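Here's the structure we're looking at; comments come further down.
Note: hydrogens, waters and symmetry copies are ignored here, and every other heavy atom, side chains too, is used. Everything numeric in this text was worked out from a predicted model, so none of it was measured. In what follows, chains are A, B, ... by sequence order, proteins preceding strands, each numbered from 1.
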2 protein chains.
Amino acid sequence: MANRLHDVVDGALRVLDTHGLEFLSMRRVAAELEVQPSALYHHVPNKQTLLALMADEILARGRRDEPTGPWDKRVAALCDEFRTAMLAVRDGAEVVATASAFGLGAAAPEQRLSAALAGFDEDVAVSGARTIMLFVLGHASARQMHEQASATGAIEPDDSIGSAESFDLGLGLILSGLRTLAPIGA
Amino acid sequence: MANRLHDVVDGALRVLDTHGLEFLSMRRVAAELEVQPSALYHHVPNKQTLLALMADEILARGRRDEPTGPWDKRVAALCDEFRTAMLAVRDGAEVVATASAFGLGAAAPEQRLSAALAGFDEDVAVSGARTIMLFVLGHASARQMHEQASATGAIEPDDSIGSAESFDLGLGLILSGLRTLAPIGA
DNA sequence: ACCTGAACACCGTTCAAGT
DNA sequence: ACCTGAACACCGTTCAAGT
């Protein structure tokens, strides 16, 4: 079949999108690629690494041009980019969140956020970026986990849980907090 | 052995604390209780439910008296309670985060937070509580995941990642945002 | 009420061997 | 370089049967 790393990541994302993270196994990915499970280990050392590569790909697929304008608009635009990218694939936020704990996946987004906060004190830019990233990640994963739980009938659906409105409200709160510390003329 | 539900949850928390979430299996919990795996299903319908009960217990063990004083001090005290409770057991934050997606575990904490924000508009109190809870949960899980990843040598340690300082900075940002919307005299 | 013992349908990963 | 086939040491869950 002559698969390459890119094909493996692609196949894994197809399995993720159709079956969900719960059923994403190396054996299913192998079946998707019409290959034996052991063949995957030629491309990837373990499942964890595959998940990290999937996280990067999820974010890369939603990548947009770097936003311009005032810092708060830029931050909001970046958050929308990340959120849209993660929501575009089933359980995408959970995959990115898991990978980000290992310093992968969400590291680049967090750096883009702190670059958008370059006018602030270094400490504020760093913890501001981290706070925003935790919010975006947590909000999107809570939405997708709730979607999955309510789809299987384990819970009664609640449309407010990961809504765009609640996202804007929460992000607005953090941005207001940042404005409080904004350097003059930013 | 005549175990009761409480013994099962207790045993599961012992396994969690000594082996971590990655190695928390029904079979290990059974071994901890010196019982066959199938015996657990007399007390609990499945692993997911057990995890939810563990999340509740983790938070219950750290429970403190309801704080008094100005709203921002109360919110900070609650956040410290939740953070301390989750950090007290290995991978505790991850367990609570997972369970909270199913409307369990973190629901009660979020309600206590929104009660502390009772002076605000309903919408603000609700999304403020949610934003804070996502931050506390995300911050604590990122710390514990990083601890685990760096303990196994998968990553170079970074003490700043879940530090109390970065926690205070991030929470301070959200509280500043809320102050911006504070009703007069709150 | 609480538990055993055996089974079913899965996992991730390794490794010798093939082309 | 990429893959097969077989194996190892595990999973969660079910179910008849025991006390």
Cluster check A/Met145, B/Leu50: I/L/V/M/F/W/Y, side chain < 4.5 angstrom: no
Acceptor/donor pairs from residues 91-98 of chain B side chains to any protein atom, 3.5 angstrom cut, sequence neighbours excluded:
from	atom 1	to	atom 2	distance (Å)
B/Asp91	OD2	B/Leu21	N	2.7
B/Thr98	OG1	B/Glu94	O	2.9

Atom pair distance, as rounded to whole Å: CG in A/Leu51 and P in C/dG12: 10 Å
ring-ring contact (aromatic ring centres under 6.0 Å, His included) contacts in which one or both residues fall within residues 133-173 of chain B, not counting sequence neighbours: B/Phe135-B/His139, B/Phe135-B/Phe167, B/His139-B/Phe167
Length of the CG-P vector between A/Leu40 and D/dA1, whole Å: 18 Å
A/Phe23 CZ - D/dG12 P separation (whole Å): 14 Å
Separation of C/dC10 P from A/Arg28 CZ (nearest whole Å): 8 Å
Residues that B/Thr18 engages under side-chain hydrogen bond (donor to acceptor under 3.5 Å, both in side chains), provided they are two or more places apart: none
Interatomic distance, A/Glu34 CD vs D/dT4 C1' [rounded to whole Å]: 15 Å
Separation of atom CD in A/Gln36 from atom P in C/dC11, rounded to whole Å: 14 Å
Where at least one partner belongs to residues 115-136 of chain B, residue pairs that pass side chain to side chain donor-acceptor pair (under 3.5 Å), sequence neighbours excluded: B/Glu110-B/Arg130
Taking only distance into account, with no hydrogens and no angle test, what donor-acceptor pairs under 3.5 Å do side-chain atoms of residues 4-14 of chain A form with protein atoms, sequence neighbours excluded?
from	atom 1	to	atom 2	distance (Å)
A/Asp7	OD2	A/Arg4	N	2.7
A/Asp10	OD1	A/Arg61	NH2	3.2
A/Arg14	NH1	A/Glu32	OE2	2.5

Within residues 10-19 of chain B: residues closer than 4.0 Å to DNA chain D (heavy atoms): none
Stepwise salt bridge (Lys or Arg N to Asp or Glu O under 4.0 Å) check, B/Arg112 with B/Glu81: CA-CA 11 Å; B/Arg112 291 213 281 152; B/Glu81 176 189 319; 2.4 Å; yes
A/His43 vs D/dC3: side-chain N/O to OP1/OP2 distance below 4.0 Å: yes
D/dC2 and C/dA16, which share atom name C1', separated by this distance in whole Å: 15 Å
Residues in side-chain contact (heavy atoms from CB on, under 4.5 Å) contact with B/Arg27, at least two apart in sequence or another chain: B/Ser25, B/Pro37
Could you run down the sub-3.5 Å N/O contacts of the protein with nucleotides 13-16 of chain C?
from	atom 1	to	atom 2	distance (Å)
C/dT13	OP2	A/Tyr41	OH	2.8
C/dT13	OP2	A/Lys47	N	2.9
C/dT13	O5'	A/Tyr41	OH	3.4

N or O in side chain of B/Asn3 less than 4.0 angstrom from C/dC2 OP1/OP2: no
Pairs where residues 10-56 of chain A contributes a residue and the test ring-ring contact (aromatic ring centres under 6.0 Å, His included) is met, not counting sequence neighbours: none
Consecutive-pair stems (3 or more, Watson-Crick or G-U, under 3.5 Å) for DNA chain D: C:4-8 with D:12-16, C:12-16 with D:4-8
B/Ser163: side-chain contact (heavy atoms from CB on, under 4.5 Å) partners, not counting sequence neighbours: B/Glu165, B/Ser166
Where at least one partner belongs to residues 74-101 of chain A, residue pairs that pass ring-ring contact (aromatic ring centres under 6.0 Å, His included), sequence neighbours excluded: none
Integer-rounded Å distance: C/dC11 P and B/Glu22 CD: 18 Å
